[in-house]
Amino acid sequence: MSRMFYSEPQLELLKTVRILGCMEKRQARALLRLRYGLACEAADSIVRQLKFDGKIKFAAKTGLLLSPDGKEDLCVLRSMDIVLSFAGQWNAPKILPRKPDYLLYAYYPDRCIRLWVLHVPEGLEQETSILVDNAQDTSSAQSAHVMLLDSESQITAISAAVPCILAYPDQTGRLHLKNWEGN
């Protein structure tokens with residue numbers, strides 16, 4: 001059996017899919033374009049190679065990339081959209097292993113910013129607000145927390161005392177971001 005050697009973009013995508021468990025193909029394309037300047041065709045080739053090697057699964061009908069043990073998670077997919085929305089030209093986020101209670105943890109090396117995304121299920125707004133209030137980051141990087149809500153109606157129940165970002169889908173599923181100044 002021969003050993004496969006992977007390029008840096010292949011390893012980056014593989015690591016990201018393993019951390020998240022799932023990711024949309026369009027998100028993989030965006031991440032590889034931002035990090036390495038790759039065209040869609042090159043990103044698609046990377047996906048194909050990793051799929052044929054059995055490192056990831058690709059669901060053509062949904063456009064999802066899955067780790068071998070991953071499953072579709074709408075909140076993770078939305079959190080990746082949020083992380084990509086904060087990326088500037090050539091400032092791709094590094095997706096890092098996350099802490100418990102968090103969907104996603106990203107670091108933007110060019111701006112020295114850490115972004116933490118938490119899901120806020122209906123009825124758990126108070127508990128999640130306390131989690132954001134108690135979050136301590138001792139690094140020299142700036143940190144921002146995003147609270148991913150299930151719906152806009154949850155905003156009235158948020159009680160976070162510290163500034164953060166609220167994200168919520170509209171009726172069509174499109175995400176909206178709103179600055180929360182804290183109570």
Trp180 vs Ile155, side-chain contact (heavy atoms from CB on, under 4.5 Å): CA-CA, chis, key distance, verdict
CA-CA 9 Å; Trp180 177 262; Ile155 292 174; 4.3 Å; yes
So, for [X] and [Y], which heavy atoms are closest and what is the spacing to 0.1 Å?
X: Leu104; Y: Ser79; result: CD1-OG, 3.5 Å
X: Cys22; Y: Val76; result: O-CG1, 3.9 Å
X: Arg29; Y: Cys40; result: CD-SG, 3.8 Å
X: Tyr105; Y: Pro97; result: CD2-O, 3.5 Å
X: Asp133; Y: Ser159; result: OD2-O, 4.1 Å
X: Pro93; Y: Val83; result: CG-CG1, 3.4 Å

Linking I/L/V/M/F/W/Y whenever any side-chain heavy atoms sit under 4.5 Å apart, do [X] and [Y] land together?
X: Leu14; Y: Leu66; result: no
X: Leu131; Y: Val162; result: yes
X: Ile130; Y: Leu118; result: no
X: Leu175; Y: Leu64; result: no
X: Leu74; Y: Leu103; result: no

Nearest-0.5 Å distance, [atom1] of residue [X] to [atom2] of residue [Y]:
X: Ile82; Y: Leu148; atom1: CD1; atom2: CG; value: 4.5 Å
X: Arg18; Y: Met23; atom1: CZ; atom2: CE; value: 14.0 Å
X: Leu31; Y: Arg33; atom1: CG; atom2: CZ; value: 10.0 Å
X: Trp116; Y: Met147; atom1: CH2; atom2: CE; value: 15.5 Å
X: Thr16; Y: Leu11; atom1: OG1; atom2: CG; value: 10.5 Å
X: Leu20; Y: Leu65; atom1: CG; atom2: CG; value: 10.5 Å

On the 0 to 90° scale, with breaks at 30° and 60°, tag the Tyr102-His145 ring pair as parallel, tilted or perpendicular.
tilted
Stepwise side-chain contact (heavy atoms from CB on, under 4.5 Å) check, Asp44 with Lys25
CA-CA 8 Å; Asp44 290 349; Lys25 188 175 182 180; 2.9 Å; yes
For residues His119 and Leu124, determine if any side-chain heavy atom of one lies less than 4.5 Å from a side-chain heavy atom of the other.
no
So with a 6.0 Å cut-off around NZ of Lys178, is the heavy-atom count from everything else above 12?
no
Is [X] reaching over with its side chain to a backbone N or O of [Y], donor-acceptor style, under 3.5 angstrom?
X: Gln27; Y: Leu77; result: yes
X: Gln154; Y: Glu152; result: no
X: Gln126; Y: Ala157; result: yes

Using the side-chain contact (heavy atoms from CB on, under 4.5 Å) rule, take Ile95 and Met80 through it: C-alpha gap first, then chi angles, then the decisive distance, then the call.
CA-CA 9 Å; Ile95 307 302; Met80 188 63 185; 4.0 Å; yes
Listed pairs under 3.5 Å, donor-acceptor, residues 45-60 side chains, sequence neighbours left out:
{"unit_1": "Gln49", "atom_1": "OE1", "unit_2": "Gln10", "atom_2": "NE2", "d": "2.3"}
{"unit_1": "Asp53", "atom_1": "OD2", "unit_2": "Tyr6", "atom_2": "OH", "d": "2.9"}
{"unit_1": "Lys57", "atom_1": "NZ", "unit_2": "Pro68", "atom_2": "O", "d": "3.1"}

Could you walk me through whether Arg78 and Asp150 pass the salt bridge (charged side-chain N to carboxylate O under 4.0 Å, His left out) check?
CA-CA 11 Å; Arg78 286 180 173 161; Asp150 290 330; 5.4 Å; no
